[in-house]
Amino acid sequence: MQVLKFGGTSMGSAQSIEQVCNIIRNKKPNGRFTIVASAMSGITDKLIQCGQLAGQGQEQYRNVLAEIESKHLDTIRTLFPITVQSGIISQVKKRLNTLETLCDGIFQVGELSARSLDKIMSFGELLSSYLLAEKLKSAGLNAVWKDSRELIVTDNNFGNAAVNFLATNHQTAQYYQQQTADFFVLPGFVAATSDGETTTLGRGGSDYTAAIIAAALHAEVLDIWTDVSGMMTADPRMVSQAIPIPHISYEEAMELSHFGAKVIYPPTIQPVMDKRIPIWIKNTFAPDDYGTLIRSQDGETHVHPVTGISGIQKIALLTLEGSGMVGIPGFSKRLFEALLTERVNVILITQSSSEHSITVGIHEADMLKAKTAVDSEFSQEILEKRIEPLIVERDMSIVAVVGDKMKNHHGTSGKLFAALGRNGVNIRAIAQGSTEKNISVVINKGDVKKALNVIHEAFFEEPLKQVNVFIAGVGNVGGKLLEQLNQQHQFLMNELGLHVRVTGIANSRNMAFGHEAINLHDWKSALDAGEPSDMAAFAQKIKSLNLRNSVFVDNTASKDVAAIYGEFLQHGISVVTCNKIACSSDYAYYKSLKDLARKYNASFLFETNVGAGLPVINTLNDLIRSGDKVNSIEAVLSGSLNFVFNNFVNGASFREVVKAAQDEGYTEPDPRIDLSGVDVMRKILILARESGVQMELEDITNHSFLPKEALEAPSVDAFYEQLDVHADHFLSLREKADADGKRLKFVARYENGKASVGLQSIAPDHPFFKLEGKDNIVLYTTNRYAAQPLIVKGAGAGADVTASGIFADIIRSAR
Ligand code: ADP
Ligand code: ASP
Ligand code: MG
């Protein structure tokens with residue numbers, strides 16, 4: 001005998017029932033087969049809804065009944081030839097009439113008992129299995145329909161009845177002995193008490209029906225046909241990278257299903273495991289896929305210590321604590337007995353080694369009755385203040401990693417906690433089963449998806465790591481960055497194992513999020529189709545997506561954007577920025593961001609704040625981290641000023657040169673930001689701070705070469721006029737330098753905790769003399785680089801090099 005169970009989706013439409021028939025027909029001839037059917041998908045929920053509405057005296061139950069009826073009748077009309085339709089329809093209508101009478105009765109009394117609900121729910125499976133049996137018969141197979149309520153005997157715990165195996169096995173064996181059919185079609189989920197009252201086996205219980213029958217008949221194999229290609233490394237709806245597990249032991253499958261892997265109903269495994277009957281999980285819609293074979297441990301094994309990951313939502317944590325518990329036995333016994341009396345199912349237990357507290361995880365639905373029961377059990381101790389009233393925390397979830405081989409592997413839990421910690425997932429409680437087949441952690445419900453994905457990544461996807469990038473500002477620099485990310489995508493996957501996805505982009509007008517990732521070939525259309533930009537909403541969305549390895553990239557020059565970095569860092573989201581504002585405004589803000597980054601394990605990187613893509617800050621960080629001490633920094637840090645003074649040669653007026661620099665995009669829209677030296681002050685400030693000095697912008701001396709009238713001109717146009725008014729001033733600066741054979745450079749200096757910026761005449765033997773175009777140069781004189789400074793030099797402005805600096809920071813943050 002082989003037992004095949006087909007789930008709700010497999011039974012969900014005429015087409016899928018056809019597919020089920022094909023699978024059954026393709027089974028090898030000469031065998032006997034029992035086929036257990038679930039209700040058509042969605043029908044059990046509708047039946048429950050119908051019963052509840054009727055019980056509440058709401059007439060809408062009739063509409064729901066009508067929906068149930070039309071779903072079945074439509075299926076019959078597609079599934080069967082017209083010649084046989086009417087007979088089948090009349091049979092189905094007969095059953096539906098019984099259901100209607102039942103609901104009418106409930107409506108009249110205005111109350112839905114657990115007993116009546118079971119009766120109502122049974123119709124889903126009764127109807128679907130009847131249709132399948134008829135379909136098999138019409139295909140010429142020797143099939144019979146048998147009511148499972150005449151085979152499976154249970155107690156009267158309606159909704160979740162317990163099976164009497166002795167009676168069930170006896171009845172089942174007897175029935176099959178008398179039959180000669182090849183195919184037996186049975187409704188799943190339904191059973192009956194010894195008095196013949198209809199019961200059900202718990203939601204998802206059709207799997208269990210099939211296992212009970214398989215065990216009773218000592219079947220060769222139990223097939224569970226569903227809508228996925230096996231038991232997967234994680235719930236595929238939560239983890240898109242999940243893959244089927246080809247082989248798994250009964251124990252592992254049981255753990256995974258207990259901890260939420262819905263693909264198989266947890267009680268299913270026990271009866272077949274006792275008889276060593278293998279379970280084969282197969283996909284009705286991809287029957288050639290291997291699926292998952294669940295069998296004894298000695299079978300073929302897999303390489304990972306962890307076999308799968310699962311999660312249970314809607315968990316409440318109960319904590320009993322108090323000094324009165326220490327050293328006194330019996331507290332946990334009383335706690336569990338109180339919970340047992342209320343039939344509260346305990347999913348997880350952890351006790352602190354000081355015995356000062358004990359924590360258990362239960363379903364949120366049981367929270368109130370648990371609280372009442374426990375507080376009443378310990379009322380005396382609570383009164384005497386020896387223990388606290390039961391502490392209840394809701395909105396929790398459990399995530400469990402499962403694997404037979406974990407016990408022989410070191411470092412599994414370390415890897416698990418590290419993956420969660422890196423991503424800012426706070427762990428509320430931990431439990432490890434004594435068999436070491438399972439490690440469970442309790443986390444906030446909002447973190448479940450992220451947690452499952454990072455754990456999956458850590459155990460199954462190595463070395464591929466997903467990085468989720470959110471970009472604010474997609475102008476010159478941002479546009480180039482997107483281009484580079486697109487171009488390097490495959491390389492990063494192949495060479496660094498990084499799967500970098502741009503998940504959100506925003507400019508000052510619009511913002512857009514990709515379902516998976518934004519198509520970088522066409523990000524402009526995605527942005528155009530997005531919603532109006534709002535930085536607070538952008539940040540909120542990034543936080544609520546709560547994706548693993550998230551990086552926020554700021555390519556703007558906006559104060560408002562710089563003001564929200566802290567929010568990201570606090571959520572473990574890294575920040576990469578070319579915007580100088582955060583690092584060059586108040587020291588306290590800069591420091592707080594650095595502290596947050598450390599505290600929440602996120603990166604805060606801003607290499608491009610000084611010298612665009614040049615490794616100015618990283619070099620400095622490396623020196624300091626390795627124990628060196630910076631004694632002085634001397635630098636030319638303004639590409640714009642360099643351009644201006646390099647082009648301020650014979651013939652051109654100062655005004656013309658500045659205008660040309662602005663037209664070429666080498667200055668800010670208001671060139672004074674560059675010419676005044678403020679931009680350079682910000683940069684040397686950042687270098688001083690990164691050297692370990694607490695400094696503010698006001699502490700820096702600025703020897704400005706701009707006349708006061710130009711600096712304070714009311715507009716950019718007026719500023720340009722002032723450059724003409726003071727043309728002689730600029731000319732004389734240059735002529736003086738020329739006369740000495742020197743060149744003008746705008747230099748920033750830091751030494752002994754003091755910093756200054758200003759125009760200087762540079763002699764030919766100085767490294768600054770030959771600085772061309774928009775290049776930058778930084779000289780670090782340190783304890784190690786004392787005689788000769790360490791020099792960083794190269795292009796210090798431009799969208800391309802800035803973008804590549806940001807790119808490098810993104811990669812750094814991800815690794
Ligand atoms: P059926 O109606 O066939 O009984 P279910 O909906 O009960 O199907 O179970 C199959 C579903 O279980 C899959 O569609 C999948 O979304 C979900 N699921 C959750 N965890 C896992 C897992 N680890 N492996 C496979 N499927 C899982
Ligand atoms: N139809 C029932 C349910 O939805 C049983 C099952 O499908 O396994 O819970
Ligand atoms: Mg199921």
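Model, not experiment: these values are computed from the prediction. Atoms within each ligand, like the ligands themselves, are counted from 1 in listed order.
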At what distance is the nearest protein heavy atom to [atom], and which residue and atom is it?
{"atom": "atom 24 (N) of ligand 1", "result": "Met232 N, 2.8 Å"}
{"atom": "atom 14 (O) of ligand 1", "result": "Asp227 OD1, 2.8 Å"}
{"atom": "atom 5 (P) of ligand 1", "result": "Lys262 NZ, 3.8 Å"}
{"atom": "atom 18 (N) of ligand 1", "result": "Asp235 OD1, 3.6 Å"}
{"atom": "atom 6 (C) of ligand 2", "result": "Ser206 OG, 3.4 Å"}
{"atom": "atom 12 (O) of ligand 1", "result": "Val263 N, 3.5 Å"}
{"atom": "atom 4 (O) of ligand 1", "result": "Lys5 NZ, 3.0 Å"}
{"atom": "atom 17 (C) of ligand 1", "result": "Arg237 NH2, 3.4 Å"}
{"atom": "atom 2 (O) of ligand 1", "result": "Gly8 N, 2.9 Å"}

Can you tell if the side chain of [X] reaches within under 4.5 Å of the side chain of [Y], non-hydrogen atoms only?
{"X": "Trp280", "Y": "Trp225", "answer": "no"}
{"X": "Ile120", "Y": "Cys103", "answer": "yes"}
{"X": "Asp289", "Y": "Pro244", "answer": "no"}
{"X": "Val441", "Y": "Phe417", "answer": "yes"}

Please confirm whether [X] comes under 4.0 Å of ligand 2, counting heavy atoms of the residue only.
{"X": "Met121", "result": "no"}
{"X": "Gly204", "result": "yes"}
{"X": "Gly205", "result": "yes"}

Ligand 1-proximal atoms of [X], by part, heavy-atom distance under 4.0 Å:
{"X": "Thr226", "answer": "both"}
{"X": "Ala234", "answer": "backbone"}
{"X": "Arg203", "answer": "neither"}

Practice item. Check whether any heavy atom of Gly230 sits under 4.0 Å from an atom of ligand 1. Key: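 It does, in that a heavy atom of Gly230 comes within the 4.0 Å cut-off of ligand 1.
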
Exercise for review: May I ask whether Pro236 places a heavy atom under 4.0 Å from ligand 1?
Suggested key: yes

Exercise for review: Output yes when a side-chain donor or acceptor of Thr200 lies under 3.5 Å from a complementary backbone atom of Asp118, and no otherwise.
Suggested key: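 Not at all, since once roles are kept as given, no pair shorter than 3.5 Å links the two residues.
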
Check your understanding: Looking only at atom types and distance, does a side-chain atom of Glu125 sit under 3.5 Å from a main-chain N or O of Ala39, one as donor and one as acceptor?
Key ->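 Yes, Glu125 side chain to Ala39 backbone: donor-acceptor pair under 3.5 Å.
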
Practice item. Could you list the atoms of ligand 1 found under 4.0 angstrom from a heavy atom of Val228? Key: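 So the atoms of ligand 1 that pass are 13 (C), 14 (O), 25 (C), 26 (N).
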
Check your understanding: Which atoms of ligand 1 are found less than 4.0 Å from any heavy atom of Met231?
Key ->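 With Met231 as reference, the close atoms of ligand 1 come out as 24 (N).
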
Practice item. Could you tell me whether the side chains of Gln270 and Asp274 share a donor-acceptor contact shorter than 3.5 Å? Key: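 Yes, because at least one side-chain N or O of Gln270 sits under 3.5 Å from a partner of the opposite role on Asp274.
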
Exercise for review: Establish, from distance only, whether the side-chain atoms of Arg203 and Thr44 form a donor-acceptor pair under 3.5 Å.
Suggested key: no

Practice item. From the options Ile68, Leu65, Val64, select the one residue that forms a side-chain contact (heavy atoms from CB on, under 4.5 Å) with Leu47. Key: Ile68

Review point. Would you say Asp207 and ligand 1 have an N/O pair spaced under 3.5 Å apart?
Key: no

Point to revise | Distance-only N or O hit between ligand 1 and Thr233, under 3.5 Å | key: no

Count the heavy atoms belonging to other residues, nucleotides or ligands that lie under 6.0 Å from [atom1] of [X], then report whether that count exceeds 12.
{"X": "Lys369", "atom1": "NZ", "value": "yes"}
{"X": "Lys449", "atom1": "NZ", "value": "no"}
{"X": "Lys275", "atom1": "NZ", "value": "yes"}

Point to revise | Atoms in ligand 2 with a heavy atom of Glu125 nearer than 4.0 Å | key: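 Result: 1 (N), 2 (C), 5 (C), 6 (C), 7 (O).
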
Exercise for review: With heavy atoms of Arg203 as the reference, note each atom of ligand 2 found under 4.0 Å away.
Suggested key: 3 (C), 4 (O), 9 (O)

Exercise for review: Using distance alone, decide if ligand 2 has a nitrogen or oxygen within less than 3.5 Å of any nitrogen or oxygen in Asp207.
Suggested key: no

Review point. Less than 3.5 Å between some nitrogen or oxygen of Ser38 and one of ligand 2, yes or no?
Key: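 Yes; at least one N/O pair falls below 3.5 Å.
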
Check your understanding: Looking at Tyr175, does the NZ or CZ of Lys146 lie under 6.0 angstrom from its six-membered ring centre and within 45 degrees of the ring axis?
Key ->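 Yes; both conditions hold, so Lys146 lies above the ring face of Tyr175.
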
Practice item. Check Lys415, Arg548, Lys465 against Glu457 for a salt bridge (Lys or Arg N to Asp or Glu O under 4.0 Å) and give me the one that passes. Key: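 For Glu457, the salt bridge (Lys or Arg N to Asp or Glu O under 4.0 Å) check succeeds only for Arg548.
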
Point to revise | Candidate pair Thr350 and Val442, rule side chain to side chain contact (heavy atoms under 4.5 Å, CB included), full reasoning | key: CA-CA 11 Å; Thr350 100; Val442 180; over 6 Å; no

